[in-house]
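Both ligands and their constituent atoms are indexed starting at 1 by order of listing. Hydrogens, waters and symmetry mates play no part in the numbers below; they use all other heavy atoms, side chains included. A quick note: this is a predicted structure, and the numbers were derived from the prediction, not measured.
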Amino acid sequence: MEKRTAGEEQVVRTACAHHCGGSCVWKVHIRDGVITRLEPDDDPKEDQLRGCMRAHALRQQVYAPDRLKYPLKRVGPRGSGQFERISWDEALDTVASELIRIRDAYGNAAIISGGGCGNVTLVQGMMFAMARLLYMFGGCTDTWAWPSWEASTFATSVTYGTLNTQNSRDDLLNSRLIILWGVNPVATIDSTNTMWYLARAKEAGAKIISIDPRYTPTAATVAHQWIPIIPSTDTAMAIAMAYVMITENLQDQAFLDRYTVGFDKFKDYVLGIADGTPKTPRWAEKYTGVPAATIEQVARDYATTKPGALISGISPGRTAFGEQFHRATLTLAAMTGNVGVHGGEAGGRSLGDQVPYNAYPFKLGPGLTPGENPVDKEAPVRPVAIPTYKSWGRNVPRSFARVHQNKVADAILKGRAGGYHADYKAFVVYNHNFVNQFPTTGKWHEALDKLEFMLDLEQFMTATARYADIVLPTCTILERNDLIVGGNKPSYGFLKKCIDPLWESKSQLEICTLLASRLGIDPKAYSDKSDEEWVKSIACGGGDVPDWEEFKEKAIYRIPLKEPFISFKKEIEDPENNPFPTPSGKIEIYSQLLADKNDPLLPPAPTYFEPWEGRNSPLAKMYPLQMITARFQRRAHTQFETLPWLRELIPNRAEINSQDAEPRGIEDGDMLRIYNDRGEIRIAATVTERIMPGVVNVPQGSWFMPDENGIDRGGCPNTLCTEEYSPCGSYTWNTGLVEVEKAKD
Ligand SMILES: Nc1nc2c(c(=O)[nH]1)N[C@H]1C(S)=C(S)[C@@H](COP(=O)(O)OP(=O)(O)OC[C@H]3O[C@@H](n4cnc5c(=O)[nH]c(N)nc54)[C@H](O)[C@@H]3O)O[C@H]1N2
Ligand SMILES: Nc1nc2c(c(=O)[nH]1)N[C@H]1C(S)=C(S)[C@@H](COP(=O)(O)OP(=O)(O)OC[C@H]3O[C@@H](n4cnc5c(=O)[nH]c(N)nc54)[C@H](O)[C@@H]3O)O[C@H]1N2
Ligand SMILES: [Mo]
């Protein structure tokens with residue numbers, strides 16, 4: 001940061017990357033060390049990377065009165081939220097002595113590392129800084145399963161042998177048909193400018209179809225057709241689309257013959273030769289609620305309007321058997337020959353091998369990488385993992401030492417006696433609001449109370465931080481340096497330090513460096529660079545960014561590409577020399593690897609299973625409504641929730657159709673009681689035709705606020721969600737039954 005004279009206004013360009021998959025550019029106005037306003041990107045020469053409503057409120061986040069300002073020590077019972085201010089020295093000494101004590105008494109596996117995605121950046125964010133520290137400390141118990149896209153990760157690994165499966169979003173301008181299947185970028189961003197490319201693609205004549213239980217703002221803005229679908233049943237529709245293509249001979253057989261294996265086996269299933277049930281549009285209509293004629297029309301559209309991009313959203317993957325949705329839609333992409341071509345889309349959305357949200361093979365210079373976790377290495381690999389299955393930043397197959405994130409509370413409660421790898425005594429949380437964002441099934445309180453030590457690095461007093469023994473105040477993205485890569489067109493974004501950390505907050509890198517020496521780790525071996533030097537090392541010391549000074553000034557570097565980036569271009573254009581990285585070298589519609597695993601719930605080819613809590617389940621008699629938990633535009637998960645500007649914009653409400661509201665005497669704005677066997681919440685209603693009957697949407701990220709009776713007054717959907725996960729490990733946040741009534745209290 002340059003020094004300025006008093007009263008002089010300074011304008012700093014910086015990037016934002018706030019857990020929405022976007023990376024936008026901002027001009028931050030600063031006077032006398034105080035941020036006075038933020039202006040969005042206005043570069044006239046380039047595609048502007050304009051920020052969203054949330055980033056417009058970043059200034060309120062930085063100066064929020066409820067920000068955590070000092071290190072805190074718990075003084076009341078766990079969860080009570082009673083803390084007292086302590087010094088950094090006392091806080092760090094306590095953290096270090098507790099971690100050393102627990103490691104020496106129980107081993108490293110007794111420490112669970114709960115890193116999340118509060119910020120998805122490459123220096124301070126994700127699991128870099130803290131994971132590296134804990135691995136150097138001898139390791140920790142890691143968690144497994146990516147919350148966002150475990151189903152898609154699994155399916156793309158099986159089908160293509162890699163996670164890098166997307167085209168850059170500017171390629172949508174080459175599409176003649178775009179199917180948004182559970183995708184709502186107005187709220188989710190899904191790479192900055194996705195909406196802009198969708199709007200331009202529409203202007204250029206592309207037909208756009210949205211398949212979603214909700215008539216989303218995205219559908220309202222760009223779609224020609226909205227197809228409401230019963231949640232958790234999308235696989236049935238995709239398979240019936242395959243039926244239409246096969247029986248009308250619309251599939252691209254030459255593509256299938258040349259690039260895929262196992263289509264015939266899938267075809268036998270689709271036609272009912274294998275099990276006696278042809279997967280006709282009528283068969284699918286029963287499950288999906290989508291009229292057979294509509295399924296036929298979408299199948300014909302997709303098979304004949306080329307090129308076509310079927311964007312298979314990750315949200316239908318977060319359902320019971322969600323991996324089958326992705327296996328099926330990837331198969332449709334191959335059946336229509338839309339893989340590896342401009343205007344098409346191979347499908348799937350997951351981590352690239354290196355970076356989030358993007359398949360582009362970014363180059364990255366040396367960074368603060370965590371390396372290998374010794375605890376992970378001591379246990380065998382989970383059978384669900386397949387050889388090509390890698391995790392970003394930690395290319396280690398998931399071992400049995402790891403705990404599924406849905407099972408952390410269960411694991412703490414039961415430990416070895418419950419079949420887990422260790423008895424867990426400490427929980428280190430960073431970038432994560434664990435208690436809020438994972439299903440509780442009523443276990444969190446008891447579980448966290450059982451711990452010997454819990455640490456949380458936070459900016460706000462979250463539902464999770466309330467349980468910690470020590471809370472360390474962490475600064476925001478405008479108070480430190482960091483890097484993001486990704487975006488619609490591949491780019492690097494520099495999140496620049498605009499002001500010094502406020503109050504006594506510190507960056508995660510600084511906190512970990514201070515802890516290193518106390519944990520007996522050489523701080524120089526842990527990190528020999530400042531955060532800015534790490535940004536430079538990753539972006540310029542081997543990365544694609546050619547000019548550090550220019551990058552610093554502009555905060556953005558776009559990789560100059562002659563044409564939009566296409567995944568699998570070379571595999572399609574020159575297959576002899578570029579096999580797919582699967583065992584067969586081809587797109588695996590049928591996977592021998594899965595066949596060999598012989599798990600009936602993870603069959604080798606796409607298969608429809610009825611969800612365990614669907615409309616046809618016996619439980620639906622008691623809890624007749626399906627709950628989904630979509631992204632909420634004014635928040636990034638739980639972040640920004642307390643900022644007045646954003647609260648004014650959209651009220652936090654559950655959406656319910658008038659056909660479900662009226663018989664229950666519910667009117668728009670009424671407070672609802674939503675419940676099932678797992679819990680009970682209160683949240684106000686939006687009565688609307690924009691959600692299909694039988695479905696309630698409780699926006700995820702609502703703050704968990706249980707009262708003395710355990711009723712969650714904050715309306716957090718995870719109070720009602722199940723901790724059961726799909727066979728591949730995917731979370732099932734969009735599969736669950738509830739009942740709704742007008743609240744009396
Ligand atoms: N019901 C339901 N639950 C869901 C989902 C769903 O669809 N439905 N989606 C899931 C998905 S995909 C995800 S990714 C998770 C997200 O879950 P989380 O990653 O827990 O969500 P966030 O609220 O974004 O961030 C967590 C915390 O990080 C803090 N934070 C922000 N920046 C920093 C920082 O620089 N340092 C530190 N130490 N902390 C910081 C924030 O204050 C916030 O409290 O939620 C999952 N939970
Ligand atoms: N504003 C904002 N943006 C975010 C985030 C945020 O918290 N806030 N989180 C970010 C993160 S970490 C992630 S992982 C992504 C997630 O991005 P997504 O998973 O795409 O986001 P969702 O809003 O959960 O779901 C998208 C749509 O799927 C629909 N849907 C739900 N269930 C089903 C189903 O069974 N079938 C079909 N066809 N559709 C269904 C919902 O109605 C919704 O409109 O978003 C990122 N962007
Ligand atoms: Mo996510």
Side-chain angles (χ1 to χ4, degrees), residues 18-22 52-54 61 68 114-121 124-125 129-130 146-150 180-190 210-219 227-234 237 288 312-319 322 325 349 356-357 405 429-439 456-460 462-465 472-477 480 482 507-508 511 611 626-641 655 691 695 697-702 716-721 731 733-736:
H18 239 117
H19 210 173
C20 63
C52 63
M53 62 165 81
R54 298 177 297 284
Q61 189 205 34
L68 296 174
C117 315
N119 64 43
V120 281
T121 49
Q124 321 252 6
M130 182 56 92
W146 290 107
S148 321
W149 38 46
E150 186 67 17
L180 300 172
W181 202 319
V183 180
N184 178 23
V186 164
T188 62
I189 305 298
D190 203 18
S210 164
I211 306 175
D212 198 304
R214 299 159 62 227
Y215 186 54
T216 61
T218 303
I227 301 174
I229 188 165
I230 293 175
S232 305
T233 67
D234 302 78
M237 174 159 171
T288 60
S312 43
I314 49 183
S315 165
R318 294 194 302 272
T319 59
F325 165 73
R349 191 115 178 99
Y357 296 104
Q405 297 205 60
V429 184
Y430 45 101
N431 284 320
H432 218 338
N433 192 351
F434 230 104
V435 170
N436 209 104
Q437 289 306 95
F438 290 88
D456 197 354
L457 276 60
E458 250 305 342
Q459 295 166 341
F460 291 87
T462 62
T464 311
L472 300 179
T474 314
C475 64
T476 69
I477 60 166
R480 60 180 189 229
D482 218 321
S507 78
Q508 206 147 283
I511 296 171
Q626 290 181 284
M627 183 181 73
I628 57 172
T629 66
R631 298 291 175 279
F632 196 48
Q633 197 169 353
R634 74 161 202 228
R635 290 191 290 263
H637 301 284
T638 64
Q639 300 185 67
F640 304 109
E641 179 55 1
E655 294 159 313
I691 187 163
V695 184
N697 175 42
V698 180
Q700 69 98 18
S702 303
C716 172
N718 283 316
T719 305
L720 304 167
C721 291
Y731 305 81
W733 283 301
N734 291 322
T735 300

Show which atoms of ligand 2 fall inside a sub-4.0 Å distance from at least one heavy-atom site of [X].
X: T216; result: 44 (O)
X: N184; result: 44 (O)
X: Q633; result: 1 (N)
X: T188; result: 3 (N), 4 (C), 17 (O), 21 (O), 23 (O), 45 (O), 46 (C), 47 (N)
X: W181; result: 38 (N)
X: F632; result: 1 (N), 2 (C), 8 (N)
X: D234; result: 34 (C), 35 (O), 36 (N), 37 (C), 38 (N)

Contact check, side chains of [X] and [Y], non-hydrogen atoms, under 4.5 Å:
X: P147; Y: Q437; answer: no
X: Q61; Y: H18; answer: yes
X: M53; Y: F640; answer: no
X: T474; Y: I511; answer: yes
X: D456; Y: T462; answer: yes

Which bit of I229 gets closer than 4.0 Å to ligand 2, counting heavy atoms only: side chain, backbone, both or neither?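 I229 to ligand 2: side-chain contact only, backbone stays beyond 4.0 Å.
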Run the contact test for [X] against ligand 2 with a 4.0 Å cut-off on heavy atoms, strictly below, and give the result.
X: R54; value: yes
X: F325; value: no
X: G313; value: no

Contacts of A219 that satisfy side-chain contact (heavy atoms from CB on, under 4.5 Å) - sequence neighbours left out: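 Once residues adjacent in sequence are excluded, the partners of A219 under the side-chain contact (heavy atoms from CB on, under 4.5 Å) criterion are S210, Y215, T216, A223.
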Ignoring hydrogens and angles, tell me if any N or O in the side chain of Q459 forms a donor-acceptor pair with the backbone of C475 under 3.5 Å. yes
Output all residues satisfying side chain to side chain donor-acceptor pair (under 3.5 Å) with T233, sequence neighbours left out; order by chain, then residue number. none
N697: which residues meet the side chain to side chain donor-acceptor pair (under 3.5 Å) condition with it, sequence neighbours left out? E655
Quick one: do N433 and T464 satisfy side-chain hydrogen bond (donor to acceptor under 3.5 Å, both in side chains)? Show the steps, please. CA-CA 6 Å; N433 192 351; T464 311; 2.6 Å; yes
Between R634 and E641, is there a side-chain N and carboxylate O pair less than 4.0 Å apart?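 The answer is yes: the pair qualifies as a salt bridge.
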Distance-only N or O hit between ligand 2 and T319, under 3.5 Å: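 No - when backbone and side-chain N and O of T319 are compared with those of ligand 2, no distance drops under 3.5 Å.
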Is I189 in polar range of ligand 2, meaning some N or O pair under 3.5 Å apart? no
Let's go through F438 and W733 carefully: what are the C-alpha distance in whole Å and the side-chain angles of both, what is the deciding distance for ring pair (Phe, Tyr, Trp, His ring centres under 6.0 Å) to 0.1 Å, and is it a yes or a no? CA-CA 9 Å; F438 290 88; W733 283 301; 5.7 Å; yes
Per-ligand residue contacts, ligand 1, heavy-atom threshold under 4.0 Å: H19, C117, G118, N119, P147, S148, R318, N431, H432, N433, Q437, L457, E458, Q459, T462, T474, C475, R480, Q508, T629, R631, A636, H637, T638, Q639, Q700, P717, N718, C721, W733
